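Remarks on the structure that follows.
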Number of protein chains: 2
Amino acid sequence: MIIQHFVRVQTSTRDKIVFAAMRLFGEKGYNSTSVADILNASGMNAGSMYHLFPGKQDVLLAVLDTYLEGIQPMLLAPAWAEVPDPIERVFALLGSYRKRLTSTDCTYGCPIGSIALELHEPDPAVRDRLAANFAQWVDAVEQCFVEAGARLPKSVNRRQLAVMALTTMEGGVMLSRTDRSPRAFDDAIRQYRGYVDLLLHSRKR
Amino acid sequence: MIIQHFVRVQTSTRDKIVFAAMRLFGEKGYNSTSVADILNASGMNAGSMYHLFPGKQDVLLAVLDTYLEGIQPMLLAPAWAEVPDPIERVFALLGSYRKRLTSTDCTYGCPIGSIALELHEPDPAVRDRLAANFAQWVDAVEQCFVEAGARLPKSVNRRQLAVMALTTMEGGVMLSRTDRSPRAFDDAIRQYRGYVDLLLHSRKR
DNA sequence: GTCTATAACCCGATAGAC
DNA sequence: GTCTATCGGGTTATAGAC
């Protein structure tokens, strides 16, 4: 979900607006980003934006759709390019969030998580897209654990383990952003790895 | 951190404002709560509020201080009243968040976590108090694992395990609130318990 | 489709009488 | 300390010329 990975040429007015909004929503949040901010950052003007989008929330919908489309090519593909092992892929993915965190002095982590907690009563269209982003992330990690096959005990619920990868990452980002230190993120991930390692070496199958 | 547990008589104007703000910040978030909202909910007027507080952010500081003071008497004490076992206390605490989640149709969970992600560049005074709330929570859970003594392998880092309890709760609340279902929260907590159980029964000491 | 100007509204904060 | 009225500025969204 690293914004800089979106390298496709941003030629259309629509793309300029969506990518400017994506960056701003990630940096300042949705409510704290004004339409004027988006227009300044994208170099567009109000008439163009309101011609293309009914309102600010529709820009958010486009941003969330773009994140969703980007999960495979922009988030997973780079993180997994040189990591064939399915278990290691889970930690490579988590590592990509650590990189994002430290490369911004722990000022932001997962934009989806931030928006999910910022908007307390989101419009159903927004909530659906947030849920879809989370679901696709969990699906991908679950698939890793499924591919690990018999290396994990049969009794272990792959889905739950994947959900825990996401909660650990999101919770770790929350605490590390608050502390402006990767410490809590590292603590949580280390324990998650400890758990997975225990499962890998468990005698129970 | 359950608001309803604050039963002390709210007699002073200051308390009325702080507790009204506490409820509103939890329900709608900080930015989406206007000063007018706080005044309406508390029955006070602008002059009184601005006489007692320099501005809206100072009300937030008072709210965060109130949460911090309430961790022991309002959050831990009720959750642990009938749970003497230190390990079970950790899960009783996590269970209190599940109760909070389900009793609100999964519309809100931890107000500290919500504010922590809502405010992207909080004033240092705010950030310090958010961090203090997280730290005190983790301290209390760490103490549980310390008290569990030799039941846990010596090699297990108690602090990290406590941090993971918090990240699991916060991440679980985030996903469950988005899905409007306790499913993800339960999934994450179940795996956390699975990990702790593995540690308790580990042959390594 | 693009641009400027502005409408209509809500925000946090303040003034000043009592 | 409490109240009313209001200021100055920022917000989303729109109108209308080009």
Side-chain angles (χ1 to χ4, degrees), chain A residues 9-65 114-115 118-127 129, chain B residues 9-65 114-115 118-127 129:
Chain A
V9 184
Q10 295 163 32
T11 177
S12 72
T13 298
R14 191 193 137 92
D15 277 359
K16 284 182 191 166
I17 289 171
V18 170
F19 284 91
M22 181 158 40
R23 182 172 59 79
L24 288 166
F25 292 164
E27 288 175 4
K28 317 205 309 172
Y30 175 73
N31 285 317
S32 299
T33 298
S34 71
V35 171
D37 289 337
I38 298 171
L39 299 179
N40 279 336
S42 62
M44 298 298 118
N45 48 45
S48 298
M49 200 199 94
Y50 281 99
H51 174 75
L52 292 165
F53 298 94
K56 182 185 171 185
Q57 176 178 292
D58 300 275
V59 177
L60 174 59
L61 295 179
V63 166
L64 294 176
D65 284 336
S114 297
I115 293 169
E118 177 185 359
L119 306 178
H120 285 237
E121 279 169 351
D123 190 276
V126 173
R127 199 159 64 76
R129 283 166 174 83
Chain B
V9 183
Q10 296 163 31
T11 178
S12 72
T13 298
R14 192 194 136 91
D15 277 359
K16 284 181 191 167
I17 290 171
V18 170
F19 284 90
M22 181 158 38
R23 183 172 58 79
L24 289 167
F25 292 164
E27 289 175 3
K28 317 203 309 169
Y30 175 73
N31 285 319
S32 299
T33 298
S34 70
V35 172
D37 290 336
I38 298 172
L39 298 178
N40 279 336
S42 63
M44 297 298 117
N45 48 46
S48 298
M49 201 200 94
Y50 281 99
H51 175 76
L52 292 165
F53 299 93
K56 183 186 173 187
Q57 176 178 293
D58 301 274
V59 177
L60 174 60
L61 294 179
V63 166
L64 294 176
D65 284 337
S114 297
I115 294 169
E118 177 185 0
L119 305 179
H120 285 236
E121 279 169 352
D123 190 276
V126 173
R127 199 158 65 75
R129 283 164 173 84

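The sequence lines fix the lettering, A, B, ..., with proteins before strands; numbering per chain opens at 1. Values in this document were obtained by computation on a predicted structure and should not be read as measured data.
Here the side chains of B/D37 and B/K28 are in contact, with some heavy-atom distance below 4.5 Å. B/S114 is listed as a side-chain neighbour of A/H120, based on a closest heavy-atom distance under 4.5 Å. In this structure, B/F25 and B/I38 have side chains that are in contact, with non-hydrogen atoms separated by less than 4.5 Å. Under the 4.5 Å side-chain criterion, counting only non-hydrogen atoms from C-beta, A/V63 is in contact with A/V18. For the pair B/Y50 and B/V35, the minimum side-chain heavy-atom distance is below 4.5 Å.
The distance between atom CG of A/L39 and atom P of D/dG10, rounded to the nearest whole Å, is 16 Å. Taking atom CD1 of residue B/I38 and atom P of nucleotide C/dC10, one finds them 18 Å apart after rounding to whole Å. The interatomic distance linking B/R14 (CZ) with D/dT2 (C1') rounds to 18 Å, in whole Å. In this entry the distance linking CG of B/N31 with P of D/dT12 reads 12 Å, nearest Å.
For the OP1/OP2 pair of D/dG1 and a distance below 4.0 Å, the side-chain nitrogens and oxygens of B/T13 include no atom meeting the criterion.
Looking at residues two or more places apart in sequence or on another chain, you find no salt bridge (charged side-chain N to carboxylate O under 4.0 Å, His left out) involving B/D58.
A heavy atom closer than 4.0 Å to some atom of DNA chain C occurs in B/A46, B/Y50, B/G55, B/K56, these being the qualifying members of residues 44-57 of chain B.
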